[in-house]
Number of protein chains: 2
Amino acid sequence: MADTSTEADPDEEIMRATYRALREHGYADLTIQRIADEYGKSTAAIHYHYDTKDDLLTAFLDFILDQFKDTIHEVETTDPEQRLELLLNKLLVDPTDHQDLLIAMLEMRSQVPYNDQFRERFRENDEYVQYLLRTVIDHGIKTGVFDDVDTDHVAQALMILVDGARTRAVVFDDEDSLETARRTAAEYVAATLVTDN
Amino acid sequence: MADTSTEADPDEEIMRATYRALREHGYADLTIQRIADEYGKSTAAIHYHYDTKDDLLTAFLDFILDQFKDTIHEVETTDPEQRLELLLNKLLVDPTDHQDLLIAMLEMRSQVPYNDQFRERFRENDEYVQYLLRTVIDHGIKTGVFDDVDTDHVAQALMILVDGARTRAVVFDDEDSLETARRTAAEYVAATLVTDN
DNA sequence: CGCTTTTGACTGATTAGTTAGTAAGTGCAC
DNA sequence: GTGCACTTACTAACTAATCAGTCAAAAGCG
């Protein structure tokens with residue numbers, strides 16, 4: 001019965017404004033004023049919803065990490081080989097679709113060494129992704145599709161590949177990095193997980 | 001004949017002060033005042049040596065990229081397999097030795113999307129490293145030690161691995177990332193470059 | 001002395017955050 | 001259905017601090 005026609009709730013609008021401001025100016029030059037400009041309201045309006053800049057940015061990090069989790073939600077596939085490929089494809093996502101998310105995550109991540117809350121949230125997120133990888137690999141080993149490898153090592157190796165590719169995709173504005181990483185991951189999986197039987 | 005006993009030239013001292021200030025506060029909170037504090041002089045003293053903050057930071061980026069190049073200076077080894085391993089070991093350096101350099105490079109790199117000069121310098125640096133990798137691989141192929149693979153692809157794959165590991169080493173303060181990357185690189189090289197003959 | 005280097009005091013702009021006040025809407029008594 | 005209490009969502013104007021950068025004067029030194 002509520003009016004859902006035009007403007008959504010302010011919190012979400014502010015998160016989207018922060019998104020745009022971050023993309024345009026970068027973390028170092030991200031100010032309440034610039035977020036307010038994107039929001040189309042005053043800086044005081046921002047402070048009405050978020051007491052401090054830190055509160056806003058922490059909420060924003062939760063916002064984008066939730067979005068990230070959404071992009072890698074597991075699909076219904078029982079074949080481990082296919083599931084692993086699908087998961088990697090989602091992690092090494094088409095840049096045109098989620099370029100903003102990639103940039104936002106890189107910017108926020110660069111603050112990790114100086115912000116405990118950021119670090120904890122990124123660590124948690126990382127553990128979640130690594131858990132998904134480990135689960136798929138373990139499943140593959142149990143069903144005999146994959147060799148009996150060091151699951152932790154392979155999962156970590158793939159995480160490194162994913163992080164490297166995503167970083168380079170943003171920093172060098174290089175769309176090929178993600179494609180190269182996809183290919184490399186496939187080669188690595190073929191060489192260490194599926195040594196033909 | 002110059003006095004090399006205590007204080008070196010001001011430029012170098014300011015670069016080292018910037019190093020410390022960047023490590024302590026991060027790029028977003030890096031101010032002339034904080035660099036001056038580390039320098040032990042006034043902010044005006046900084047401005048005497050560098051007209052603008054941008055001049056200083058561009059000089060600083062050159063400073064750290066030169067340091068990075070120094071850490072990967074090629075060694076005298078003719079065996080391509082050994083040369084590649086040595087080069088990768090230098091790129092995936094012991095974090096305790098160069099942790100500061102790793103952090104500084106990550107911080108500066110996060111500014112690349114918003115600073116043309118930074119981008120150009122990082123691009124140049126990246127091309128240099130990739131050139132070193134390609135040279136070693138090509139040499140290996142020509143001498144028959146490596147298979148006739150897609151040199152560009154393999155070099156790029158290794159770059160992604162290196163960037164991912166270095167990033168994760170800083171962000172998650174995880175020393176294992178570099179070791180894992182070393183092992184993964186070795187596995188990848190063994191699987192794609194040296195398919196036993 | 002003369003040159004380099006540094007300082008202190010400054011400027012104008014910008015920062016995050018506060019304040020008092022306003023306007024629109026909601027729930028409810030009567 | 002009108003009046004009243006309260007909430008939500010904001011604005012304009014402000015504060016105190018900090019920012020990069022300037023400049024005249026002074027200190028240090030060969």
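Note on naming: letters A, B, ... go to the chains in the order of the sequence lines (proteins, then strands), and numbering restarts at 1 for each one.
Comparing dC10(D), dG21(D), dT6(C) by their closest approach to the side chain of T43(B) singles out dG21(D). Of all nucleotides listed (dT6(C), dT18(C), dC10(D)), dT18(C) comes nearest to the side chain of A44(A).
Distance R34(A) CZ to dA13(C) C1': 13 Å, rounded to the nearest Å. The interatomic distance linking D54(A) (CG) with dT15(C) (P) rounds to 18 Å, in whole Å. Distance, L56(B) CG to dC19(D) C1': 15 Å, rounded to whole Å. Rounded to an integer number of Å, the gap from K53(B) NZ to dT14(C) C1' is 13 Å. Rounded to whole Å, atom C1' of dT5(C) lies 14 Å from atom CD of E13(B). Computed from coordinates, the I35(A) CD1 to dA16(C) P distance equals 8 Å when rounded to whole Å. As a whole-Å value, the separation of I32(B) CD1 from dA17(D) P is 22 Å. For the pair Y48(A) OH and dT19(C) P, the computed distance is 16 Å after rounding to whole Å.
Using a cut-off of 4.0 Å between Lys/Arg side-chain N and Asp/Glu carboxylate O, D116(B) and R119(B) are scored as salt-bridged. Under a 4.0 Å N-O distance rule, the pair R121(A)/E124(A) does not qualify as a salt bridge.
Counting heavy atoms of neighbouring residues, nucleotides and ligands inside a 6.0 Å radius, atom OH of Y128(B) exceeds 12 of them.
For the atom pair CD of E38(B) and CG of L22(B), the computed distance is 11.0 Å after rounding to the nearest 0.5 Å.
For dT7(C), neither phosphate oxygen OP1 nor OP2 lies less than 4.0 angstrom from any side-chain nitrogen or oxygen of H47(B). Using a 4.0 Å cut-off, some side-chain N or O of T31(B) falls inside it from OP1 or OP2 of dC19(D).
Comparing H49(B) and L30(A) against DNA chain C, the residue whose closest nucleotide sits nearer the 5' end is H49(B).
Hydrophobic clustering places I72(A) together with V162(A) (ILVMFWY residues linked when any side-chain heavy atoms are closer than 4.5 Å, directly or through intermediates).
Y50(A) comes within 4.0 angstrom of nothing in the nucleic acid, heavy atoms only.
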